[in-house]
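Take a look at the structure below.
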There are 2 protein chains.
Amino acid sequence: MTKSFDNLRSELANEIKQSRRLLGLTQEALALQAEVDRTYVSQLERGIANPSILILHRISMVLGMNLSIRLRGTSDQ
Amino acid sequence: MTKSFDNLRSELANEIKQSRRLLGLTQEALALQAEVDRTYVSQLERGIANPSILILHRISMVLGMNLSIRLRGTSDQ
DNA sequence: ATGTGACTTTCAGTCCGTG
DNA sequence: ACACGGACTGAAAGTCACA
């Protein structure tokens, strides 16, 4: 479990939390619409889960976002 | 399993395959270095797997890429 | 309304092989 | 060198009680 992975995971956690709050949704409301458990949303936002891309996709849909997963060259911005 | 998820998955599959080929790596060599199973790399590149972000992170590291997972507003570029 | 631990179930990911 | 399958194991995902 590298440091760069922990960074990735916590950045993702923050993105979810911020997007959710912008919509004025509770974790529970997000969980209900995304069809995941309320406590799993909590785990995601605390950065302690290792989610699959399917779960992330479902959550991003509810948040009105497109999930973008890219491999970027380290020289890129 | 929505269509937009299938698109996401196959785009990711293509990115991995192309990056790997650019480095002249076989699926097996990539699998060995990323510490994932050779048959799972095959599944990833065929877009029939639902990987966790940890696996994607490990693979992107071997490919010399940064894994970027973002929630983007649908109006964004 | 959220965090957390303990628990069960399901599927991601492995390991064996074949053409 | 890769697609594909079957059987297996550990981790992701789902459930619940409580603070």
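Below, chain A is the first sequence line, B the second, and so on; all start at residue 1. None of the values given here were measured: they were computed from a predicted structure.
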Please report the distance, rounded to the nearest Å, between [atom1] in [X] and [atom2] in [N].
{"X": "B:I53", "N": "C:dG13", "atom1": "CD1", "atom2": "P", "answer": "11 Å"}
{"X": "B:I55", "N": "C:dA12", "atom1": "CD1", "atom2": "P", "answer": "12 Å"}
{"X": "B:R58", "N": "D:dA11", "atom1": "CZ", "atom2": "C1'", "answer": "12 Å"}
{"X": "B:Q27", "N": "C:dT14", "atom1": "CD", "atom2": "P", "answer": "14 Å"}
{"X": "B:E28", "N": "D:dA3", "atom1": "CD", "atom2": "P", "answer": "12 Å"}
{"X": "A:L54", "N": "D:dA12", "atom1": "CG", "atom2": "C1'", "answer": "11 Å"}
{"X": "B:E35", "N": "D:dG10", "atom1": "CD", "atom2": "P", "answer": "17 Å"}
{"X": "B:E45", "N": "C:dG13", "atom1": "CD", "atom2": "P", "answer": "15 Å"}

What contact category does B:R21 fall into here, base, sugar-phosphate, or nothing, at under 4.0 angstrom with non-hydrogen atoms?
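No contact at all - B:R21 keeps every heavy atom at 4.0 Å or more from the nucleic acid.
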Check every strand shown and say whether A:V41 touches a base, only sugar-phosphate, or nothing at a heavy-atom separation below 4.0 Å.
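Since no nucleic acid heavy atom lies under 4.0 Å of A:V41, the category is nothing.
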Whole-angstrom distance between C:dT9 and D:dC18, as gauged at atom C1'
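Each nucleotide's C1' atom is 22 Å from the other's.
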C:dG13 to D:dG14 separation - P atoms, rounded to the nearest Å:
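Here C:dG13 and D:dG14 have their P atoms 14 Å from each other.
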Tell me whether [Y] is reachable from [X] by hopping between hydrophobic residues (I, L, V, M, F, W, Y) whose side-chain heavy atoms are closer than 4.5 Å.
{"X": "B:L56", "Y": "B:I48", "result": "no"}
{"X": "A:L32", "Y": "A:L63", "result": "no"}
{"X": "B:M65", "Y": "B:M61", "result": "no"}

Test item: side-chain donor near acceptor, B:S42 and B:R46, under 3.5 Å:
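Yes, side-chain donor-acceptor contact under 3.5 Å.
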Can A:S52 and A:H57 be counted as having a side-chain donor-acceptor contact under 3.5 angstrom?
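A:H57 and A:S52 do not have a side-chain donor-acceptor pair below 3.5 Å.
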Distance from [X] atom [atom1] to [Y] atom [atom2], nearest 0.5 Å?
{"X": "A:L30", "Y": "A:L44", "atom1": "CG", "atom2": "CG", "value": "9.0 Å"}
{"X": "B:N66", "Y": "B:S60", "atom1": "CG", "atom2": "OG", "value": "7.0 Å"}
{"X": "B:L12", "Y": "B:L67", "atom1": "CG", "atom2": "CG", "value": "8.0 Å"}

Would you write the dot-bracket representation of DNA chain C, where each base gets (, ), [, ], | or . depending on whether it forms a Watson-Crick or G-U pair under 3.5 Å and with which partner?
.|||||.||||||||||||
CD (B:E28) with more than 12 external heavy atoms under 6.0 Å:
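No.
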Grab the N/O contacts between the protein and nucleotides 4-6 of chain D below 3.5 Å, and write none if there aren't any.
{"unit_1": "D:dC4", "atom_1": "OP2", "unit_2": "B:R46", "atom_2": "NH1", "d": "2.9"}

Within the structure, does a side-chain N or O atom of A:Y40 lie under 4.0 Å from either OP1 or OP2 of D:dA13?
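So the side-chain polar atoms of A:Y40 do come within 4.0 Å of the phosphate oxygens OP1 or OP2 of D:dA13, strictly under.
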Which pair of heavy atoms, one from A:F5 and one from B:L54, lies closest together, and at what distance?
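For A:F5 and B:L54, the tightest heavy-atom pair comes out as CE1-CA, 3.4 Å.
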Nucleotide nearest B:T26 (side chain, heavy atoms from C-beta), chosen from D:dG14, D:dA1, C:dG13:
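Nearest nucleotide to the side chain: D:dA1.
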Using heavy atoms to find the nearest nucleotide of DNA chain D for B:L25 and B:N50 separately, return the residue whose nucleotide is more 5′.
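Whichever sits nearer the 5' end wins; that is B:L25.
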